[in-house]
Structure formats: C-alpha cells, structure tokens
Amino acid sequence: MTFKHNFKKVLSATAFAAALVVAPAANVSAATNDASSTQQSATATSQDQQASQDQATSQSSAANQSSSTSTSSATSTSTVKKVAKKTSKKKAVKKVAKKTSKKATKKTKKTSKKATKKTTKAATAAVTASADQSQATDLQDDAAKKAAEAAAKKAAAAKKAAAKKAAAKKAAAKKKAAAKKRAAAKKKAAAKKKAAKKSAEKAAKYWIAMRESGGYYTARNGSCYGRYQLLISYLGGDLSKKNQERTADRYVYGRYGSWVNAKRFWLAHNWY
C-alpha cells in the first residue's frame with residue numbers, strides 16, 4: 001500500500017513536472033487536474049484492496065513505470081534546471097547588460113553634460129574674451145583717433161604760430177626796411193640839403209666877397225681890410241687869408257646866422 005501510494009505520488013509529481021516543461025502555461029491547470037484525478041483513483045484502488053494478482057501485476061507495472069517515471073522525472077528535472085539556469089543566466093546577462101547600459105548612459109550623460117558645460121564655459125569665455133578684445137580694440141582705435149586729432153590740432157596750431165611768427169618777422173623786417181629806407185632818404189635829403197646849404201653859403205660868401213673887395217685879400221678901404229672888408233680890429237693883427245676866412249665866418253654866423261642871410265641883408269642895405 002505504501003509503495004503504491006508513494007508511486008502514485010511520484011507519478012503525480014512527474015506528470016505535473018512534465019506538464020510544466022512540455023505544455024504551455026495555459027495547460028498547467030489541466031495537468032494539475034489530471035494528477036489530482038490519478039491520485040483520487042489510486043486512493044480508491046487502495047481502498048478496494050484488489051487481489052494479490054492484481055497487486056503483483058500492479059507492483060510490477062508500477063516498478064516499470066517507476067523506473068520510466070524516474071528517468072523521465074530526472075530528465076524533466078534536468079531540463080527544468082537547464083532551462084531555469086539558462087533563463088537565470090539570460091536574466092543575469094540582461095540585468096548586467098541593463099546595468100552596464102544604464103551606467104554607460106549615465107556616464108555618457110554625465111560626460112556629455114560635463115563636455116557641454118565645459119564647451120559652454122569655453123564659448124562664454126571666448127565670447128567674453130572676444131568682447132574684451134573688441135572693446136580694447138575700440139578703445140585703442142579711439143585713443144589712436146584722439147591722438148591723431150590732437151597731433152593734427154597741435155601741428156595746425158604750430159603751423160599757424162609759425163605762419164604768424166613768419167608774418168610778424170616779415171612785417172618787422174619790412175617795417176625795419178621801410179624805416180631804414182626813410183632814414184636813408186632823410187639822411188640823403190639832409191645831406192642834400194646840407195650840400196645845397198653849403199653850396200648856397202659858399203655862393204653867398206663868394207658874392208659878398210666880390211661885392212666888398214672884388215675878391216682880393218689885400219684890399220683896403222679906410223679902417224676895413226681884406227677880402228670881406230672887415231674892421232682891422234676884428235682881425236686882431238693877423239691879416240692872413242686863413243684868419244680872414246675864419247674871422248669873416250665868425251662875424252657873419254654871429255650876426256646873421258648864415259652867409260645867405262648876410263647876402264639878403266646886403267641886398268637890402270648895400271652893406272652887411
């Protein structure tokens with residue numbers, strides 16, 4: 001009874017395992033029902049207590065079925081284990097692959113984010129540097145422009161000052177030349193006037209000498225003597241030509257201021 005009962009249990013378990021391996025998930029329930037029916041049948045058979053022959057036959061058959069079932073069970077169990085191991089391995093591989101992919105994705109995202117941040121920072125720095133450089137260039141251009149304008153203004157002022165100085169110098173030179181020319185003309189006029197005066201004086205003196213003595217230094221008329229008929233007392237005892245000339249000039253310039261005036265007086269009074 002025990003053997004038969006155990007055999008039935010083994011048979012039921014084997015059938016159930018075989019059903020799990022071979023049949024699809026939809027037929028697992030049917031295999032379970034069949035195993036349950038077989039178990040109930042075995043229980044009913046044990047209660048009827050069949051004959052020894054039937055029991056022996058059943059035992060023999062059960063032994064054969066047990067052997068076959070054990071082999072089938074072992075094969076099914078091995079297959080189940082292989083399938084489970086393979087499935088577990090696949091799951092592990094998938095899990096590892098998923099984890100690796102997740103890590104790689106995370107790392108890629110992190111690297112990409114870092115690279116983007118670095119690129120953005122570099123771009124910002126480049127833009128800032130470009131802006132600074134542009135601003136510096138603008139400042140330099142402005143400074144150069146201002147310097148050029150200041151230099152041009154300074155050059156214009158220097159040129160204007162130089163032109164003004166040159167004009168002033170030219171005007172001064174012109175003025176000086178004009179003054180010099182006027183002085184020369186004045187001097188020339190004075191010289192000419194002096195020469196004319198001297199000539200007039202000489203002519204007037206000669207005219208008076210010719211009227212008084214005919215031009216002789218030894219002419220005598222009473223108390224008057226010489227070329228200009230001066231009083232002998234004027235000559236101071238020196239009757240020389242030189243003394244007569246000197247004494248006559250002193251007398252005329254002292255009395256009339258010039259021989260021309262003396263001549264004018266002579267013409268009016270016939271003496272001087």
> Quick one: does Gln244's side chain get under 4.5 Å of Leu230's, heavy atoms only?
Replying inline: no

>> Check for me, please, whether Ile208 and Val260 land in the same ILVMFWY cluster - side-chain distances under 4.5 Å, paths through other members count.
In response: no

> Restricting to pairs with a member in residues 196-212, which pass salt bridge (charged side-chain N to carboxylate O under 4.0 Å, His left out), not counting sequence neighbours?
Replying inline: Lys205-Glu245, Lys205-Asp249

>> Test: side-chain hydrogen bond (donor to acceptor under 3.5 Å, both in side chains). Region: residues 139-152. Which pairs qualify, not counting sequence neighbours?
In response: none

>> Going by salt bridge (charged side-chain N to carboxylate O under 4.0 Å, His left out), name the pairs with one or both residues in residues 254-272, residues two or more places apart or in two chains.
In response: none

> For Asp238, what residues pass the side-chain hydrogen bond (donor to acceptor under 3.5 Å, both in side chains) criterion, not counting sequence neighbours?
Replying inline: Ser240

> What is the minimum heavy-atom distance between Ala262 and Tyr256, and which atoms define it?
Replying inline: CB-CD1, 3.6 Å

> Residues two or more places apart in sequence or in another chain: which of them pass side-chain contact (heavy atoms from CB on, under 4.5 Å) with Ala190?
Replying inline: none

> Taking only residues two or more places apart in sequence or in another chain, which ones pass side-chain hydrogen bond (donor to acceptor under 3.5 Å, both in side chains) with Thr247?
Replying inline: Asn243

> So, does Arg227 use its side chain to make a donor-acceptor pair with the main chain of Ala209 at under 3.5 Å?
Replying inline: no

>> Show every salt bridge (charged side-chain N to carboxylate O under 4.0 Å, His left out) that has at least one partner inside residues 163-184, sequence neighbours left out.
In response: none

> Which pairs pass ring pair (Phe, Tyr, Trp, His ring centres under 6.0 Å) with one or both residues in residues 153-211, sequence neighbours excluded?
Replying inline: Trp207-Trp266

> For the residue pair Ser213 and Gln229, what are the closest heavy atoms and their distance?
Replying inline: CB-NE2, 4.0 Å

> In Å, rounded to the nearest 0.5 Å, how long is the span from CG of Leu239 to OG1 of Thr218?
Replying inline: 10.0 Å

> Residues in side-chain hydrogen bond (donor to acceptor under 3.5 Å, both in side chains) with Arg220, at least two apart?
Replying inline: none

> Is there any ring pair (Phe, Tyr, Trp, His ring centres under 6.0 Å) pair reaching into residues 140-183, and which pairs are they, with sequence neighbours excluded?
Replying inline: none

> Can you name the closest pair of heavy atoms from Cys224 and Leu231 and give their distance?
Replying inline: SG-CD2, 4.0 Å

> Please, which pairs that meet ring pair (Phe, Tyr, Trp, His ring centres under 6.0 Å) have at least one residue in residues 213-242, sequence neighbours excluded?
Replying inline: Tyr228-Trp259, Tyr234-Tyr251

